[in-house]
Engineer: 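Have a look at the structure that comes next, please.
Chain letters run A, B, ... following the sequence lines, proteins first, then strands; residues in each count from 1. Values below: all heavy atoms of this structure, side chains included; hydrogens, waters and symmetry mates excluded.
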Number of protein chains: 2
Amino acid sequence: MKQNEHTVVIVDDHLLLSGSLEKLINSFDGFSVLYHASNGKELQQKLKTHKSQPDIILLDINMPVMDGFETAAWLTDNHPEIKVLALSMEDDEKVILKMLQKGAKGYLLKDIHPDRLKIALQEVMDRGYYHSEKVAATLLHSIQPSYNKEEVKFKQNELTFLQLACSEMTYKEIADVMSLSPKTIDGYRQELFNRLHIKNRVGLVIYALKNDLIKI
Amino acid sequence: MKQNEHTVVIVDDHLLLSGSLEKLINSFDGFSVLYHASNGKELQQKLKTHKSQPDIILLDINMPVMDGFETAAWLTDNHPEIKVLALSMEDDEKVILKMLQKGAKGYLLKDIHPDRLKIALQEVMDRGYYHSEKVAATLLHSIQPSYNKEEVKFKQNELTFLQLACSEMTYKEIADVMSLSPKTIDGYRQELFNRLHIKNRVGLVIYALKNDLIKI
DNA sequence: TAGAAATTGGGGGTTTTTCCTGTGTTGAAT
DNA sequence: ATTCAACACAGGAAAAACCCCCAATTTCTA
């Protein structure tokens with residue numbers, strides 16, 4: 001490593017990406033890759049054993065073992081001096097916001113042009129943050145007031161019921177696992193049916209799927 | 001491009017990956033990247049305008065406009081001499097099989113080690129095909145005789161019922177639109193519940209979703 | 001601190017779903 | 001000609017889902 005060079009660590013379980021990314025970054029003037037890790041746990045260990053710390057960590061979100069959210073949170077707590085740049089395919093507003101709340105200094109989408117990566121690394125070192133255009137737009141959107149997009153929020157119990165109702169359990173069984181009376185469960189059901197304008201449990205499942213409330 | 005060098009075209013909408021992948025492949029002895037495309041449509045155009053054809057096309061599956069399946073099918077029909085190597089994150093058996101049916105000569109998972117990519121390219125040129133270990137295992141599994149994994153086929157009426165049952169209609173309504181007696185519909189229901197080992201209509205919806213019988 | 005709102009759940013009813021068993025008809029195979 | 005399998009459908013009944021109205025308690029809030 002040359003002097004005055006900024007160092008990067010890549011945390012991604014897609015070896016093909018991280019491997020070729022390393023070549024790319026090493027070709028950038030002023031940046032070099034220290035090492036890789038394929039998940040958060042591995043990163044924790046390597047941070048301990050390697051003497052020199054990276055300036056920037058390029059962090060993927062979807063990883064086995066210890067995902068990007070957990071890892072970012074841990075890094076913010078334990079290594080606040082290291083700048084975390086999230087690198088992900090998802091431009092889902094909720095994911096982006098969550099990642100930034102965990103302390104990421106920037107969020108890059110994997111569909112950016114390679115040249116952009118250099119700009120991103122430079123900006124993070126210079127100004128302390130960087131975001132893809134799409135991400136910036138998403139962020140802007142997230143702070144806009146939402147006029148007609150009727151806000152559908154769920155209380156914790158309601159959400160739990162809704163998710164359980166998307167399984168093969170009967171309402172009686174749901175009442176049991178939630179330690180509530182079947183009548184209360186029936187109350188949740190009626191309330192949700194009315195609010196979401198649905199006719200039966202099938203409608204509930206469809207709604208939950210369309211709104212990412214459950215995973216199949 | 002040097003003589004005797006094999007040429008590669010990358011089709012992927014993740015510019016970051018395709019950009020750094022290019023660097024990687026160009027560093028391989030005997031391989032060089034001709035150009036990129038970020039979807040099937042773009043590839044079609046570039047194949048027309050560029051005079052020299054690639055030996056191999058590295059093809060992502062998830063793309064906007066014209067996805068990997070469509071593109072692979074088109075390539076097989078129109079450029080059978082070009083070897084298509086699918087490159088994807090999904091190790092879902094159905095996806096792999098579908099891609100190979102469309103004519104792909106190989107299937108690489110994005111979590112393979114960069115060194116593997118060179119082997120894959122080499123193998124495709126030498127032997128005509130290459131698969132990741134995981135993919136090979138999946139393929140092997142898929143051709144094993146399925147003893148207990150009973151083949152689930154649906155008769156036309158059964159399938160229609162199943163799909164309608166995934167809406168908010170009552171069985172009575174389904175019977176009406178299918179011009180059958182509610183009792184017949186009930187017969188379909190019982191038969192399906194038994195065959196698919198499900199307990200109620202929610203189970204039916206989940207099953208239909210998992211098996212791509214309906215779209216949300 | 002009174003009143004409103006949210007939370008929980010009971011009473012009691014109808015409709016739909018779920019389940020089991022049985023019957024007549026048809027068309028193909030023996 | 002008989003047997004067999006499939007299909008469409010019926011009767012009957014229990015369980016679950018669905019629906020409306022009401023009440024006690026807590027919690028928020030004006």
Engineer: 5'-most contact on DNA chain D: A:N194 or B:L180, nearest heavy atom basis?
Structural biologist: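 By nearest-heavy-atom nucleotide position, the 5'-most residue is B:L180.
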
Engineer: Checking side-chain hydrogen bond (donor to acceptor under 3.5 Å, both in side chains) against A:Y130, which of A:R116, A:Q122, A:E123 comes through?
Structural biologist: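 Exactly one candidate clears the test, A:R116.
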
Engineer: Does A:N200 reach a base, just sugar-phosphate, or nothing at all? Heavy atoms under 4.0 Å.
Structural biologist: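 Sugar-phosphate only.
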
Engineer: Using OP1 and OP2 only, check whether a side-chain N or O of A:N157 sits under 4.0 Å from C:dT8.
Structural biologist: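 Answer yes for this pair, as a side-chain N or O of A:N157 is under 4.0 Å from OP1 or OP2.
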
Engineer: How long is the line joining CG of A:L192 and P of D:dA17, in whole Å?
Structural biologist: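 Distance check: A:L192 CG to D:dA17 P gives 15 Å.
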
Engineer: Starting from the 5' end of DNA chain D, give me the residue, B:E158 or B:Q190, whose nearest nucleotide shows up first.
Structural biologist: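 Looking at the nearest nucleotide for each, B:E158 comes out on the 5' side.
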
Engineer: Round to the nearest Å and state the distance from A:K155 atom NZ to D:dT26 atom C1'.
Structural biologist: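 The distance from NZ of A:K155 to C1' of D:dT26 comes to 15 Å, rounded to the nearest Å.
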
Engineer: Rounded to whole Å, please give me the gap between CE in B:M178 and P in D:dC9.
Structural biologist: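 Interatomic distance, CE of B:M178 to P of D:dC9: 10 Å.
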
Engineer: Rounded to the nearest 0.5 Å, what separation is found between the CE atom of A:M178 and the OG1 atom of A:T184?
Structural biologist: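 Between atom CE of A:M178 and atom OG1 of A:T184 there are 9.5 Å.
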
Engineer: Under 4.0 Å, heavy atoms only, any strand: does A:T184 hit a base, just the sugar-phosphate, or nothing?
Structural biologist: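 Answer is base: heavy atoms of A:T184 come under 4.0 Å of a base.
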
Engineer: Would you kindly say whether A:S18 and A:E22 are connected by a side-chain donor-acceptor distance under 3.5 Å?
Structural biologist: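 Looking only at side-chain atoms, A:E22 and A:S18 do not form any donor-acceptor pair under 3.5 Å.
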
Engineer: Please determine whether a side-chain nitrogen of the Lys or Arg among B:D67 and B:K102 lies less than 4.0 Å from a carboxylate oxygen of the Asp or Glu.
Structural biologist: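 No, this pair does not count.
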
Engineer: When you check the phosphate oxygens OP1 and OP2 of C:dT17, does a side-chain N or O of B:R189 lie under 4.0 Å from one of them?
Structural biologist: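 B:R189 to C:dT17 OP1/OP2: no side-chain N or O under 4.0 Å.
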
Engineer: Can you pull out how bent the helix from C:dT1-D:dA30 to C:dT30-D:dA1 is, comparing the axes over its first five and last five pairs, to 10°?
Structural biologist: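 If I round to tens, the end axes sit 30° apart.
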
Engineer: Who passes side-chain contact (heavy atoms from CB on, under 4.5 Å) against A:T76, sequence neighbours left out?
Structural biologist: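 Expected list: none.
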
Engineer: May I ask you to evaluate whether A:Y171 reaches the phosphate of D:dA15, defined as a side-chain N or O under 4.0 Å from OP1 or OP2?
Structural biologist: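 Result: no.
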
Engineer: Taking CD from B:Q156 and P from D:dA6, how many angstroms apart are they, rounded to a whole number?
Structural biologist: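 Going from CD in B:Q156 over to P in D:dA6 covers 19 Å.
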
Engineer: Between C:dT16, D:dA6, C:dC19, which nucleotide has the shortest distance from any of its atoms to the side chain of B:T170?
Structural biologist: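 Of the options given, the side chain of B:T170 lies nearest C:dT16.
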
Engineer: Does the structure place the NZ or CZ of A:K118 under 6.0 Å from the centre of the six-membered ring of A:F31, at an angle of no more than 45° from the ring's axis?
Structural biologist: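 No, A:K118 does not lie over the aromatic ring of A:F31.
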
Engineer: Picking from C:dG10, D:dA17, D:dC19, which would you name as closest to the side chain of A:R201?
Structural biologist: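 My answer, after comparing the listed nucleotides, is D:dA17.
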
Engineer: Look at the side chain of A:K183 and decide which nucleotide, out of C:dG11, D:dC18, C:dT17, has an atom nearest to it.
Structural biologist: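 Among C:dG11, D:dC18, C:dT17, the one nearest the side chain of A:K183 is C:dG11.
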
Engineer: With a cut-off of less than 4.0 Å, is there a side-chain N or O of B:Y188 near OP1 or OP2 of D:dA8?
Structural biologist: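 Answer yes for this pair, as a side-chain N or O of B:Y188 is under 4.0 Å from OP1 or OP2.
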
Engineer: Using whole Å, report how far CZ of A:F161 lies from C1' of C:dG9.
Structural biologist: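 Rounded to whole Å, this separation is 15 Å.
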
Engineer: In terms of side-chain geometry, is the basic nitrogen of A:E158 or A:R195 positioned less than 4.0 Å from the acidic oxygen of its partner?
Structural biologist: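 Yes, this pair counts.
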
Engineer: Measure the distance from CG on B:D186 to P on C:dT15 and round it to the nearest whole Å.
Structural biologist: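 It works out to 18 Å between those atoms.
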
Engineer: Return the value, rounded to whole Å, for the distance between atom CD of A:E191 and atom C1' of D:dC22.
Structural biologist: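 Distance check: A:E191 CD to D:dC22 C1' gives 16 Å.
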
Engineer: Looking at A:K199 and B:E173, is any side-chain nitrogen of the basic one under 4.0 Å from a carboxylate oxygen of the acidic one?
Structural biologist: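 Result for this pair is no, no salt bridge flagged.
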
Engineer: Whole-Å distance between D:dA16 P and B:K199 NZ?
Structural biologist: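 Interatomic distance, NZ of B:K199 to P of D:dA16: 12 Å.
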
